[in-house]
Structure formats: structure tokens, C-alpha cells
Amino acid sequence: MKKLILSAAIVLGTLSMQAGNTVVLNSNIKTINPQDEYKEIDAVPAAIKTSLDNAYPGVKLEKAYVNAKKEYKIEISVRDVKSIVYTDEKGTILKK
């Protein structure tokens, strides 16, 4: 009887040990810190202001940054909702 109980315990123990670690290969996680390449500026070109006013009525510009490629990162708020918008120097909104 002891052997039967011991055998059942071993069989059930080995069946419940099927869970293993999942190995993730080739993960495509990229960390980008856009703040490092942008420098804060005081004013943006008029074309950007016009473009933002047309795209987001009631927009308030909080902060503006520019990089070496003349791409602008602009922190805006519309009706107390804050967002970040990327534009070029002509005011075209970029998707990043």
C-alpha cells in the first residue's frame, strides 16, 4: 500500500512540473530618449504656430525644443490635456 501511494505521489508530482520558463528571443524593444538630442528654445517660427492653431484649436504652447535637423518637439496643452507634437520648420506635423 505504501508503494502505491508513493508511486501515485511521484506520478502526480512529475505531471505538475510541466511549467517552465519562457525564453523571449529577438525582442524588439528600443529605448529612445528624444530629450537628449533636442535643445530648449524660447520661440518657434510663425509657420509652426499657425499650423498648431489650425490643427488644435485653443492650443497653448508650453515648451519648445529643436534638434540639429530643424525638427521641433513642442509640448502643448489643449483644454488642460498635455501632449507632445513633433513638427518640421515649415509647420508640417511629423509622426514619431
Side-chain angles (χ1 to χ4, degrees):
M1 188 69 175
K2 287 182 185 179
K3 290 183 181 181
L4 181 63
I5 293 174
L6 183 61
S7 298
I10 291 173
V11 169
L12 290 175
T14 57
L15 290 177
S16 64
M17 294 177 56
Q18 297 297 324
N21 292 338
T22 303
V23 178
V24 177
L25 300 175
N26 195 11
S27 65
N28 292 328
I29 299 173
K30 295 180 183 177
T31 303
I32 298 173
N33 191 357
Q35 184 65 33
D36 294 340
E37 61 187 59
Y38 287 87
K39 295 187 182 194
E40 188 170 358
I41 58 173
D42 294 329
V44 295
I48 293 175
K49 286 183 184 179
T50 304
S51 174
L52 289 174
D53 284 336
N54 291 339
Y56 307 102
V59 68
K60 279 176 54 177
L61 278 74
E62 302 291 331
K63 290 184 182 179
Y65 306 90
V66 67
N67 67 6
K69 296 183 211 174
K70 298 289 184 183
E71 295 175 338
Y72 291 83
K73 172 186 169 186
I74 303 171
E75 295 179 8
I76 63 170
S77 64
V78 180
R79 294 184 217 113
D80 297 328
V81 176
K82 296 188 179 203
S83 298
I84 296 176
V85 177
Y86 295 92
T87 66
D88 63 3
E89 61 187 2
K90 296 175 186 172
T92 305
I93 297 175
L94 306 172
K95 297 189 183 211
K96 287 201 175 197

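Given the structure is predicted, the values throughout are model-derived calculations rather than measurements. Computation of the quantities below employed the complete heavy-atom set of this structure, encompassing side-chain atoms and omitting hydrogens, waters and symmetry-equivalent molecules.
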Val78 versus Ser83: any side-chain heavy-atom pair under 4.5 Å? no

Shortest non-hydrogen pair, Pro57 vs Arg79, comes out as O-NH2, 4.4 Å

Of all heavy-atom pairs linking Ile76 and Val59, the shortest is CB-CG2, 3.7 Å

Minimal heavy-atom distance between Gly91 and Ser51, with the atoms involved, is O-OG, 2.5 Å

Determine whether a donor-acceptor pair (N or O, by modelled atom type, separation under 3.5 Å) exists between the side chain of Thr50 and the backbone of Ala46. yes

Do you know which two heavy atoms are closest between Ala55 and Ile93, and how far apart they sit? CB-CD1, 3.8 Å

Quick one: do Val44 and Tyr86 end up in the same hydrophobic cluster if we chain Ile, Leu, Val, Met, Phe, Trp and Tyr together by side-chain heavy atoms under 4.5 Å apart? no

Find out whether Glu75 and Tyr65 are in side-chain contact, i.e. whether some heavy atom of one side chain is under 4.5 Å from a heavy atom of the other. yes

Do Pro45 and Tyr72 touch side chain to side chain, with heavy atoms closer than 4.5 Å? yes

Within this structure, what is the OG1-CG distance for the pair Thr87 and Leu52, rounded to the nearest 0.5 Å? 6.5 Å

Spacing of Lys73 atom NZ and Lys39 atom NZ [to the nearest 0.5 Å]: 14.5 Å

If you measure from OH on Tyr38 to CD1 on Ile74, what distance do you get to the nearest 0.5 Å? 10.0 Å

Kindly compute the distance separating NZ (Lys63) from CD1 (Ile84), expressed to the nearest 0.5 Å. 10.5 Å

Inter-residue atom distance Lys82.NZ - Lys60.NZ, 0.5 Å rounding: 8.5 Å

